[in-house]
Chemist: 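Handing you this structure, nothing more for now.
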Amino acid sequence: MRTAMGRGRLGRRLRLETLEPRIVLDASMLRITEFVASNDNGLQDYDGASSDWIEIYNSGSEVVSLSGLHLTDNASNKTKWEFPAGFVLEAGGYTVVFASSKDTIKPNGELHTNFALGAGGEYLGLISADGVTVIDEFAPQFPEQYEDVSYGRAMATVGTPTTLVGTGATAKAIVPNSGVLGNSWTQTNFVDAAWPISGPTGLGYDTNPSGVNFAPLIGTTLATGTTSVYMRLTFQLDTLTGIDRLLLRMKYDDGYVAYLNGVEVAEANAPEFITWNALATTIHEDAAAIVFEDVDISWAIPQLVVGQNVLAIQGLNAASTSSDFLILPELISQSMVIVEPTKLGYFDAPTPGYGNGENFAGFAANPTYNVPHGFYNSAQSVAISSATAGAMIVYTTNGSTPQVDANLNITNGTLYTGPINVSSTTTLRARAFKQDFKPSFVSASTYIFVDDVINQSPFGQVPPGFAPNGVNGQEMNYGIDPDIIALYGAQAVKDSLLSLSTVSITTDAANLFDPATGIYVNATNRGRSWERAATVELFHPDGTPGFEVNVGLRIRGGYSRNDFNPKHAFRFYFRGEYRDSRLNYALFGDEGTDVFDVLDLRA
């Protein structure tokens, strides 16, 4: 199993040292650049707790003493918590203080205030040592905060990017023949002197350059048929100042897992459990492989150290019979400054200890429907609304995801202007959009008319938007068998359907049926790279409340994954990135759990 990616604990740019004459006592250049007031699954403190935190940035050009300064969440008590003696913040540096109410200094130098932040909104100030002068503040209070979302000042890149690892950098590499090294080879203290391959990046081979030619990108040739290679690139840092953004750029064919000083920071087309002889889970098209794919790994900046660092990459090929292989990385850093005039807003990816990016004004509230999902036998007038004033709602009826461009021009879907007449089996999917706001998650509501169900594709006709039989060899079988209707009668079949609870799964058709990326027609593929966003609804014929959740959808099973089987089983992953980090529903009544991280739907 590979090292889990995440922001983890922070250990950077907070130094305890004796004050010297060079230390500037003028703290006017300090700013509160970011904070989290509802930390559930983000940055952890020394104790492993997800405490609230406050980030302070020195926007000046000299080291500043923090000793005697104050943080407070009460405008009437400006000296509520005081920085202890000896703490300084270097020019361009950041420090994170945990607002945990623990009022302590941890063994690693981590500072904790004697107050926590109120997610409902309150005052927050950085106060001078005189206990009166406000250096920076959110007044009269900051707005309502959201779980694992930060708030603060927008920042922008400045100056010329710095190349830490460039094209042609010298790499040490080995084609592993066992798993004896484990993950030790990704660490800074690993000795790679005996590794047999040494040369400039990229690493790879190309036996068929008549199409897309990798040869100009290959600085060190690997043996034809190589499927897995370990490579290490060391680089030196004299200072961490000015490293506010960190970008990994990759040209690759077909997959990789990247580590920075032993911590996994990025992957593409890698299996869920990485081994020494792992293969890429899918091909990366040659035309795409020769273009840099950028991955923002700024969250890993705290892993950097003054001195020697190492970028380690396991390159993965899709098969030993592949005609080519390529791994070519770059690692780029960038300085940032606070945007002027100040632009306050939310960040859905908090950045404790390094530069912020663009922020946004808020979140568009998820659309809601006045008619609940379920079974119907007469037309319904369905109204859709969002609690966000001024938001535009876009909906679809074909299962696809509503989309707009940066200027709110609709690129997929229909603008909602009034109630929708639903007189046949329909799934509505809707999103709310507003300028400078994050779009809402998808909300779905399915309306089933059993008269439609018993008449759908009686002769196996392909429904609109679905795949024909034989895509990638996958057998398809649509509709209700008319022999069943003839045998039992239409009413009996309808009564049977109405006696059962129903699960509705809705996703973009390409997520299932695209020949290259669809999970249903590539059902033998596994792992996170073969997970697609979808909406799952459960409703009961008696009107008992069910659920509507957004999930990560995968194919599950073993033998049943083969393409001769027209009915594959599904697995649902509940993740915050889709909206619902867990399913909270008593699926089995009083028996068993009512909280789910993963759920299987067997065929």
Side-chain angles (χ1 to χ4, degrees), residues 40-41 146-149 346 348-349 360 362-369 371-374 382 384-388 391 393-404 411-413 416 426-434 437-448 465 501-514 517-520 527-540 545-556 568-587 593-601:
D40 179 62
N41 194 35
Y146 303 94
E147 187 175 289
D148 295 330
V149 172
Y346 297 94
D348 57 357
F360 52 93
F363 296 87
N366 296 328
T368 58
Y369 302 85
V371 178
H373 61 198
V382 180
I384 312 175
S385 60
S386 170
T388 300
I393 296 173
V394 180
Y395 70 93
T396 63
T397 59
N398 63 356
S400 62
T401 302
Q403 302 284 7
V404 301
T411 57
N412 186 55
Y416 176 79
T426 302
T427 295
L428 297 176
R429 300 186 91 199
R431 295 174 77 193
F433 301 90
K434 186 176 181 179
F437 277 61
K438 278 287 183 181
S440 74
F441 289 105
V442 173
S443 292
S445 194
T446 297
Y447 306 94
I448 293 182
S501 297
T502 296
V503 173
S504 171
I505 304 172
T506 312
T507 189
D508 294 79
N511 288 342
L512 297 177
F513 305 126
D514 183 275
T517 61
I519 62 173
Y520 208 85
R528 185 69 186 270
S529 60
W530 289 94
E531 179 177 310
R532 303 290 181 263
T535 305
V536 176
E537 300 171 75
L538 172 69
F539 43 89
H540 307 289
F547 60 73
E548 180 263 345
V549 294
N550 289 339
V551 304
L553 181 68
R554 297 192 199 179
I555 302 297
R556 71 165 296 277
H568 296 308
F570 290 112
R571 176 167 291 164
F572 308 140
Y573 286 84
F574 303 99
R575 308 184 194 276
E577 67 191 78
Y578 300 123
R579 187 186 70 196
D580 307 287
S581 58
R582 291 179 181 85
L583 172 63
N584 295 283
Y585 187 81
L587 196 60
T593 185
D594 59 0
V595 180
F596 300 89
D597 296 309
V598 180
L599 196 62
D600 284 2
L601 188 65

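Computed from a predicted structure; not experimentally measured. Position 1 is the first residue of the sequence; numbering continues from there.
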Chemist: Between Thr502 (side chain only) and Phe539 (backbone N and O only), is there a donor and an acceptor less than 3.5 Å apart?
Modeler: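 Side chain of Thr502 to backbone of Phe539, a donor-acceptor pair under 3.5 Å: no, none is there.
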Chemist: Can the ring centroids of Phe596 and Phe574 be said to lie less than 6.0 angstrom from one another?
Modeler: no
Chemist: Hey, is the main chain of Tyr369 close enough, under 3.5 Å, to the side chain of Ser445 for a donor-acceptor pair?
Modeler: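 Looks like no, no N/O pair under 3.5 Å.
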Chemist: Give a yes or no on whether the backbone of Thr396 and the side-chain of Arg429 come within a donor-acceptor separation of less than 3.5 Å.
Modeler: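 Not a single qualifying donor-acceptor pair exists.
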Chemist: At what distance, to the nearest 0.5 angstrom, does CG of Leu428 lie from OG1 of Thr535?
Modeler: 12.0 Å
Chemist: For Glu548, give me all partners under salt bridge (Lys or Arg N to Asp or Glu O under 4.0 Å), at least two apart in sequence or on another chain.
Modeler: Arg579
Chemist: Which atom pair, heavy atoms only, marks the closest approach of Thr506 to Gly399?
Modeler: CG2-CA, 3.5 Å
Chemist: To the nearest 0.5 angstrom, please state how far the CG atom of Asn412 sits from the CZ atom of Arg431.
Modeler: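 Rounded to the nearest 0.5 Å, the CG-CZ separation comes to 10.0 Å.
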Chemist: At their closest point, which heavy atom of Asp597 faces which heavy atom of Ser581, and how far apart are they?
Modeler: OD1-O, 4.3 Å
Chemist: Does any N or O in the side chain of Asn550 come within less than 3.5 Å of the main-chain N or O of Ala533, such that one atom is a donor and the other an acceptor?
Modeler: no
Chemist: Tell me, with the steps shown, if Thr411 and Gln403 meet side-chain hydrogen bond (donor to acceptor under 3.5 Å, both in side chains).
Modeler: CA-CA 5 Å; Thr411 57; Gln403 302 284 7; 5.5 Å; no
Chemist: Can you see which heavy atom on Ser386 is nearest to which on Ala432, and at what distance?
Modeler: OG-CB, 3.8 Å
Chemist: How about Val404 and Val394: do any of their side-chain heavy atoms sit closer than 4.5 Å?
Modeler: yes
Chemist: Would the His373 and Tyr447 ring centres measure less than 6.0 Å apart?
Modeler: no
Chemist: Can you give me the closest heavy-atom contact between Leu512 and Leu553, atom names plus distance?
Modeler: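 Heavy atoms of Leu512 and Leu553 come nearest at CD2-CD2, 4.1 Å.
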Chemist: Grab the two heavy atoms, one from Ser440 and one from Pro367, that are nearest each other, plus how far apart they are.
Modeler: OG-CD, 3.4 Å
Chemist: Run the ring-centre check on Tyr578 versus Phe441 and record whether the distance is less than 6.0 Å.
Modeler: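 That pair fails the under 6.0 Å test.
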Chemist: Taking atom OG1 of Thr517 and atom CG of Asn511, what is their separation to the nearest 0.5 Å?
Modeler: 7.0 Å
Chemist: Is there a side-chain hydrogen bond (donor to acceptor under 3.5 Å, both in side chains) between Ser400 and Asp508 once you walk through the steps?
Modeler: CA-CA 4 Å; Ser400 62; Asp508 294 79; 4.7 Å; no
Chemist: Any chance you could measure Arg554, atom CZ, to Glu531, atom CD, to the nearest 0.5 Å?
Modeler: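 Spacing of CZ (Arg554) from CD (Glu531) equals 4.5 Å.
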Chemist: Taking the six-membered ring for Trp, are Phe513 and Tyr520 parallel (under 30°), tilted (30 to 60°) or perpendicular (over 60°)?
Modeler: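 It falls in the perpendicular class, over 60°.
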Chemist: Got a donor-acceptor contact below 3.5 angstrom from the Tyr416 side chain to the Ile384 backbone?
Modeler: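 Such a contact is found between Tyr416 side chain and Ile384 backbone.
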Chemist: Both conditions, 6.0 Å and 45 degrees, for the charged tip of Arg532 above the ring of Trp530: are they met here?
Modeler: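 Yes, Arg532 and Trp530 form such a contact.
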Chemist: Relative to Phe360, does Lys438 satisfy both conditions: NZ or CZ under 6.0 angstrom from the six-membered ring centre, and within 45 degrees of the ring's axis?
Modeler: yes
Chemist: So which atom in Phe570 and which in Arg556 form the shortest heavy-atom distance, rounded to 0.1 Å?
Modeler: O-CD, 3.3 Å
Chemist: Can you classify the ring geometry of Tyr346 versus Phe363 as parallel (below 30°), tilted (30 to 60°) or perpendicular (above 60°)?
Modeler: tilted
